[in-house]
Structure formats: structure tokens, C-alpha cells
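Naming: A, B, ... by sequence-line order, numbering from 1 per chain.
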There are 2 protein chains.
Amino acid sequence: MGKSKSEEFTDRQNYLAGVAKAIGHPARIAIIHFLARQKSCVCGDIVDELPLSQSTVSQHLKALKKAGLIAGEIEGTSVCYCLNTEAIKKFKADISLFLDEPANPKSCC
Amino acid sequence: MGKSKSEEFTDRQNYLAGVAKAIGHPARIAIIHFLARQKSCVCGDIVDELPLSQSTVSQHLKALKKAGLIAGEIEGTSVCYCLNTEAIKKFKADISLFLDEPANPKSCC
DNA sequence: TTATTTAATCGTTTTATTACGATCAATAAT
DNA sequence: ATTATTGATCGTAATAAAACGATTAAATAA
């Protein structure tokens, strides 16, 4: 997307937006869902599960890794991906708090 | 972004991703935050609050409206924007449930 | 050693996003 | 009637994201 003016916003705003953006694609939602359910988390299995090519899945995994939501460990010739449960737990708490702000509306409409 | 293959995913996956994507920009986080705090929610006030031009803010408001997170009512020559607290509450519950899935990890790593 | 498997990366195309100035339509004020 | 004011939309430029095939590097198997 166009260069977004992230310097103009707070760290917290950029953090919340950054993780939300990482989750903001159905394939990445599906990947997280898959990793949360399956015992196996080999990259190839994720590719098999999704209606996307290997290279595209690899890109989505990279995006999730960049956001800190998953980690990958090389196991021989394959790679084992896992959720970063701590980061997910933290984001859940942070976004919940943020979404609770408008709980008691003082707005004009 | 490239055309994303949303037809290939479930409604729930597209819904969660869609709202997350709408929240996935610091300016839109800032707008929601602002609307949650201020009594006034006139569009012009939002523009004054953000380090972005009027037309850019208008686009972000449009994105939030499209995701169902805010609504706007015309009041004379200005427009009053408000949070859709129901939609926000629903998303908070849904995303929390989703992020709770990996609570007890059965993964391999 | 050579062939195979696995997953990341490169290169490319298509489409979306971000951002802005300029214009436009509507309402309000003079 | 004319002139602001307000906020959406248009047009456009720059950049990022989505998707894929092809290639590459690494480890394993033959």
C-alpha cells in the first residue's frame, strides 16, 4: 500500500495495527487456526491444507513470523511451524482492552 | 494487494480477516480511539486530530464504515461519526474466541 | 556421488492501499 | 443571490500486498 505515515502515530497504535494487519487475511487466519488444532505443524501440511501455492503460503508464513505470531524450526529437510502463544495471548489482551474503550459510549449519536 | 482468493475461505475466516484488516492501520486505530473518548465526533475534529489530510481521513472513515465499525450521520453541513458499539463488541468476542484456540498447545514444538 | 524432497527466495504480474491536491455537492451564513 | 464551510469523491502517484511459476539451497535418501 502507499507508504503509511507510521512515524506520526504512537508505538501502541502501530503495534495494534501491525498485528491486526497480520491477522487481516483469511489465509493467515486459516494458518493460525490450523496451527492451533493440529499436532503436526510441518510447512508442507499447511500448504496441503490451503488453496494456495507453496510460495504464496511461504509468504504468508513470513508475514506471521514478522509480526511475531509464529516461529519456525528447521527439522531436517522440513520446517516445523508453531504459534507463539505468548505473543497471541498478549495481543488478545491488548486488543480486548482497546475494543473495550467504547464500552460506555459518550458520543453524540 | 493482489486479488485475494476470498471465495476459497469460509465466511468466518473472511469476516475475522476483514475486520482485522480494517483495524490494521494506525490511523484507523487512532480514529476508533478518538471516537471512544470524545463526546464530539464531527468529522472535522477527527481531521484536526490526525496528521493526515482531509481526503485521506475521509478514506479511512470510509474503510471503517465499510467494515461496519462506525456510522455517520449528516448534521447540517457537518457529519457526526460514531462507533458501532455492537459490531465492536461482537468482533471483540469473536476474535477473543479465535485467539483462545491456541490456549492449550498440542503442537510439536 | 547423485537424485529427491522441502521450503525459502527471486522475478513478475495484477490489484489494493495510502496519501494528497483539486473539485464537487450540499448546507449554512451573509 | 452570493459566499463560505464541510466532507465526499475524483484523479493520480507511489508503494505494498497477493499470487504464482521457476529457481535455489539445504538436508536426506538412493
For [X] and [N], what is the distance between atoms [atom1] and [atom2] respectively, to the nearest whole Å?
X: A:Gln59; N: C:dT14; atom1: CD; atom2: P; result: 17 Å
X: A:Ile74; N: D:dA25; atom1: CD1; atom2: C1'; result: 11 Å
X: A:Lys62; N: D:dA18; atom1: NZ; atom2: P; result: 13 Å
X: A:Glu7; N: C:dA19; atom1: CD; atom2: P; result: 9 Å
X: B:Lys21; N: C:dT15; atom1: NZ; atom2: C1'; result: 10 Å
X: B:His60; N: C:dT17; atom1: NE2; atom2: P; result: 11 Å
X: A:Glu73; N: D:dA27; atom1: CD; atom2: P; result: 15 Å
X: A:Ile29; N: D:dA18; atom1: CD1; atom2: P; result: 13 Å

Spell out, yes or no, whether B:Ile74 and B:Tyr81 are grouped together once hydrophobic residues are joined by side-chain heavy atoms under 4.5 Å, including indirect joins. yes

Is it the case that the side chain of B:Ser96 and the backbone of B:Lys92 share a donor-acceptor pair, with hydrogens and angles ignored and the cut-off at 3.5 Å? yes

Ignoring hydrogens and angles, tell me if any N or O in the side chain of A:Lys5 forms a donor-acceptor pair with the backbone of B:Pro51 under 3.5 Å.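 Confirmed, A:Lys5 side chain pairs with B:Pro51 backbone.
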
Of the candidate nucleotides [options], which contains the atom at the shortest distance from the side chain of [X]?
X: A:Lys3; options: D:dA18, C:dT18, D:dT15; value: D:dT15
X: A:Ser53; options: D:dG21, C:dT18, D:dA18; value: D:dG21
X: A:Lys5; options: C:dT9, C:dA19, C:dT18; value: C:dA19

What does nucleotides 1-8 of chain C look like as a protein-contact string, B for base, S for sugar-phosphate only, - for none, at under 4.0 angstrom between heavy atoms? ----BSBB

Gap between atom CD1 of B:Ile31 and atom NE2 of B:His25 - 0.5 Å precision: 9.5 Å

Return all side-chain donor-acceptor pairs below 3.5 angstrom for residues 6-14 of chain B, not counting sequence neighbours, or 'none' if the list is empty.
| from | atom 1 | to | atom 2 | distance (Å) |
| --- | --- | --- | --- | --- |
| B:Thr10 | OG1 | B:Gln13 | N | 3.0 |
| B:Thr10 | OG1 | B:Gln13 | OE1 | 3.3 |
| B:Gln13 | OE1 | B:Thr10 | N | 3.1 |
| B:Asn14 | ND2 | B:Ser6 | O | 2.9 |
| B:Asn14 | ND2 | B:Thr10 | O | 3.2 |

Ring geometry between B:Phe98 and A:His33 (parallel below 30°, tilted from 30 to 60°, perpendicular above 60°): parallel

Under 4.0 angstrom between A:His25 side-chain N/O and D:dA19 OP1 or OP2: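 Yes, within the criterion.
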
Any idea which heavy atoms bring A:Cys80 and A:Cys41 closest together, and the distance?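 Closest approach of A:Cys80 to A:Cys41, heavy atoms only: SG-SG, 2.9 Å.
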
